[in-house]
Amino acid sequence: MTTYLDHAASSPMRPEATAAMLPFLGDCFGNPSGAHALARAARAAIEDARDAMAEALGCDAGEVVFTGGGTEADNLAIFGADDGAVACSAVEHHAVLHAVEARGGATLGVDAAGRVDVAALPRDAALVSVMLANNETGVVNDLAAVRAAIGDGVLLHTDAVAAFCWRDVAREAACADLISISAHKFGGPMGVGALVVRDGVALTPLLRGGGQERERRSGTHNVAGIVGMAAAATVTARTRAEEVARVGALRDRLLRGLTSAVPGVVVTAPDAEHTAGTAHVRFAGVESEALVFALDELGVCASAGSACASGALEPSHVLAAMGVEVASARGALRLSLGWSSTDADVDAALVAVPKAIENLRARAS
């Protein structure tokens with residue numbers, strides 16, 4: 001049996017999401033931009049999903065823009081903002097980093113835990129992007145402090161893709177003008193996401209055509225995906241408090257077990273606030289990619305960091321920005337839990353990880 005500990009890359013579909021999607025993968029196939037009965041049924045489903053997303057995200061329904069995923073949502077926020085300077089923290093997902101770079105923007109330093117340096121935040125930019133929770137380490141930023149530092153005249157975007165499963169985004173990102181999420185991180189389908197665009201925020205669209213989403217994102221709606229995302233978001237928000245407690249306890253047991261069983265293990269940013277599902281550690285004397293493959297052979301799915309960067313030979317840009325030495329960064333491992341994780345998963349990891357480390361170190365010597 002496979003032990004899945006890579007929820008931060010993609011979480012298994014929740015049964016509620018699958019059930020909600022099924023009708024729109026069969027008989028309910030109408031194009032929501034049409035006028036006949038099948039089209040109207042599809043349109044109604046989208047608007048119901050929009051209401052559900054608005055409730056989960058703490059915004060008005062008209063502020064929800066459906067996208068093709070978190071990357072598109074991030075790009076729409078960065079490129080769609082008014083002309084002017086843009087900036088982001090150095091530990092952002094590449095969907096933000098590369099977009100800011102393409103606009104000639106600035107990268108802002110972080111502390112040893114990966115939290116943005118609030119004192120360095122610009123007050124004269126058009127937009128600043130700071131993620132609510134880091135996708136590799138799980139470290140949480142204080143967006144209220146960010147907002148206070150930049151003032152109300154600067155647009156604040158937050159990539160909440162890694163946060164929605166574990167944090168009350170409706171409350172913690174209430175000060176943000178733009179909020180990105182992606183369905184497959186919290187039990188919805190891949191290829192669908194959303195961007196919250198607060199009323200009054202001007203946004204230039206990336207995609208032009210049919211004028212869908214109030215002309216903010218043209219293209220035929222992914223009805224099944226949108227409905228599935230809304231179902232997953234609803235159950236995630238409803239059960240978040242109990243899941244944070246349950247999964248957080250599993251994560252803590254996993255970290256305790258690893259630190260006691262494996263010599264030379266370092267927990268990343270141990271004193272910072274983390275999302276409940278992320279256990280990020282570094283092992284001396286091993287290479288991340290070799291460790292991930294060794295764990296895969298032992299039936300444990302894990303990652304070296306961001307799934308988008310898997311296979312890259314360079315150490316994580318997140319760890320580099322945090323000041324982690326290259327030798328230490330090369331031994332990084334992210335074990336991430338989610339809604340389907342169990343005690344048995346932790347038990348399996350506590351057997352497989354020490355075994356894999358021991359074997360790799362023996363080969364190296």
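Here the structure is a predicted model, which is why all the values come from computation and not from measurement.
Summarising the geometry of P354 relative to A261, their closest heavy-atom pair is CG-CB, 4.1 Å, with the distance given to 0.1 Å. Summarising the geometry of I150 relative to P122, their closest heavy-atom pair is CG2-O, 3.5 Å, with the distance given to 0.1 Å. Residues V146 and V130 come closest through the heavy atom pair CG1-CG2, 4.1 Å. Between V247 and G338, the shortest heavy-atom contact is CG2-O, 3.6 Å. Across M13 and W339, no two heavy atoms sit closer than the pair O-CZ2, 3.3 Å. Heavy atoms only, all atoms of each residue included: L76 and P205 are closest at CD1-CA, 4.1 Å.
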- Task: For E242 and T239, run side-chain hydrogen bond (donor to acceptor under 3.5 Å, both in side chains): C-alpha distance rounded to whole Å, both residues' side-chain angles, the deciding distance at 0.1 Å, then the answer.
- Result: CA-CA 6 Å; E242 61 192 69; T239 62; 5.6 Å; no

- Message: For V353 and V300: C-alpha separation, side-chain torsions, deciding distance, then whether side-chain contact (heavy atoms from CB on, under 4.5 Å) applies.
- Response: CA-CA 9 Å; V353 175; V300 175; 5.5 Å; no

- Would you check, one step at a time, whether the test side-chain hydrogen bond (donor to acceptor under 3.5 Å, both in side chains) holds for H184 with S10? CA-CA 5 Å; H184 72 109; S10 191; 3.0 Å; yes

- Item | Trace of the salt bridge (Lys or Arg N to Asp or Glu O under 4.0 Å) decision for D177 with R147 | CA-CA 10 Å; D177 302 290; R147 167 54 76 194; 2.6 Å; yes

- Message: Working note: E213 + R50, criterion salt bridge (Lys or Arg N to Asp or Glu O under 4.0 Å); need CA distance, chi angles, decisive distance, verdict.
- Response: CA-CA 11 Å; E213 295 300 287; R50 197 184 306 277; 2.7 Å; yes

- Message: Please evaluate residues L206 and R217 with respect to the criterion side-chain contact (heavy atoms from CB on, under 4.5 Å), reporting the C-alpha separation (whole Å), side-chain torsions for both, the decisive distance (0.1 Å), and the verdict.
- Response: CA-CA 7 Å; L206 295 180; R217 198 276 187 183; over 6 Å; no

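Every ring pair (Phe, Tyr, Trp, His ring centres under 6.0 Å) that F186 has, sequence neighbours left out, goes to F164.
Put simply, the side chain of R103 never gets that close to the backbone of H98: no donor and acceptor are under 3.5 Å apart. A distance-only check finds a donor-acceptor pair linking the side chain of E92 to the backbone of M131 [under 3.5 Å]. At distances below 3.5 Å, not a single donor-acceptor pair connects side-chain atoms of R43 with backbone N or O atoms of L38. A donor-acceptor pair is defined here as one N or O able to donate and one able to accept, closer than 3.5 Å; such a pair exists between the side chain of Q212 and the backbone of G219. Judged by distance alone, with hydrogens and angles left aside, the side-chain atoms of E72 form no donor-acceptor pair with the main-chain N or O of G69 at under 3.5 Å. With hydrogens and angles ignored, the 3.5 Å screen pairs a side-chain donor or acceptor of N141 with a backbone N or O of V116. With D111 contributing its side chain and G114 its backbone, the two residues share a donor-acceptor pair below 3.5 Å. No side-chain donor-acceptor contact under 3.5 Å links T275 to the backbone of A163. Side-chain N or O atoms of R40 include one that pairs as donor or acceptor with a backbone N or O of A35 at under 3.5 Å. Listed for the S316 side chain is a donor-acceptor partner under 3.5 Å among the backbone atoms of L319.
Expressed to the nearest 0.5 Å, how far OG of S182 lies from CE of M229 amounts to 8.5 Å. Here the straight-line distance linking atom CG of L195 with atom OG1 of T67 works out to 7.0 Å at 0.5 Å rounding. Annotation: the span from R167 atom CZ to L143 atom CG amounts to 10.0 Å, rounded to 0.5 Å. Atom CD1 of I357 is separated from atom CG of L291 by 4.5 Å, given to the nearest 0.5 angstrom. T236 OG1 to W166 CH2: the interatomic distance, rounded to the nearest 0.5 Å, is 9.0 Å. Rounded to the nearest 0.5 angstrom, L156 CG and L127 CG are separated by 7.5 Å.
With hydrogens and angles left out, the side-chain atoms of R334 and T278 include no donor and acceptor closer than 3.5 Å. A donor-acceptor contact under 3.5 angstrom links the side chains of S180 and H157, judged on distance only. A donor atom on one side chain and an acceptor atom on the other are not found under 3.5 Å apart for S218 and R208. Side-chain contact, S328 with E325: no donor N or O sits under 3.5 Å from an acceptor N or O. In this structure, a donor-acceptor pair under 3.5 Å is present between the side chains of S303 and D6. Side chain to side chain, H93 and E136 fail the donor-acceptor criterion of an N or O pair below 3.5 Å.
Screening L333, L360, N359 for a side-chain contact (heavy atoms from CB on, under 4.5 Å) involving V286 leaves a single residue, L360.
Side-chain atoms of H280 and H274, non-hydrogen and from C-beta on, never get closer than 4.5 Å to each other. Between V262 and F283, some side-chain heavy-atom pair lies under the 4.5 Å cut-off. Taking the side chain as every heavy atom from C-beta outward, I46 and F66 approach each other to under 4.5 Å. Contact annotation: the side chain of V265 never approaches that of R282 to less than 4.5 Å [non-hydrogen atoms, C-beta and beyond]. A heavy-atom distance below 4.5 Å is not found between the side chains of N135 and V161. With contacts defined as side-chain heavy-atom distances shorter than 4.5 Å, the pair L178/V197 qualifies. Put simply, the side chain of D117 does not reach to within 4.5 Å of the side chain of L108, judged on heavy atoms. Between E287 and V292 there is no side-chain heavy-atom pair separated by less than 4.5 Å.
Put simply, V86 and V96 are part of the same group of oily side chains (I, L, V, M, F, W, Y) that touch within less than 4.5 Å, one to the next. Note on V64 and V235: separate hydrophobic clusters, where clusters join Ile, Leu, Val, Met, Phe, Trp and Tyr whose side-chain heavy atoms are under 4.5 Å apart, directly or indirectly. Under the 4.5 Å side-chain heavy-atom criterion for ILVMFWY residues, a single connected hydrophobic cluster contains both L250 and L350. One hydrophobic cluster holds both V192 and F24 under the rule that ILVMFWY side chains link at heavy-atom gaps under 4.5 Å. Criterion: ILVMFWY side-chain heavy atoms under 4.5 Å apart, direct or through other members. Under it, L255 and V266 are not part of a common hydrophobic cluster.
Between R115 and E273 there is no salt bridge, since none of the side-chain N atoms of the basic residue sits less than 4.0 Å from a carboxylate O of the acidic one. One finds no salt bridge joining R246 and D343 here, because no Lys/Arg side-chain nitrogen approaches an Asp/Glu carboxylate oxygen to under 4.0 Å. Using a 4.0 Å cut-off between charged nitrogen and carboxylate oxygen, R238 and E243 do not count as a salt-bridge pair.
Using the six-membered ring where Trp is involved, H317 and H94 have ring planes that are tilted, between 30° and 60° apart.
Within the structure, no pair that satisfies the salt bridge (Lys or Arg N to Asp or Glu O under 4.0 Å) test touches residues 7-36, not counting sequence neighbours.
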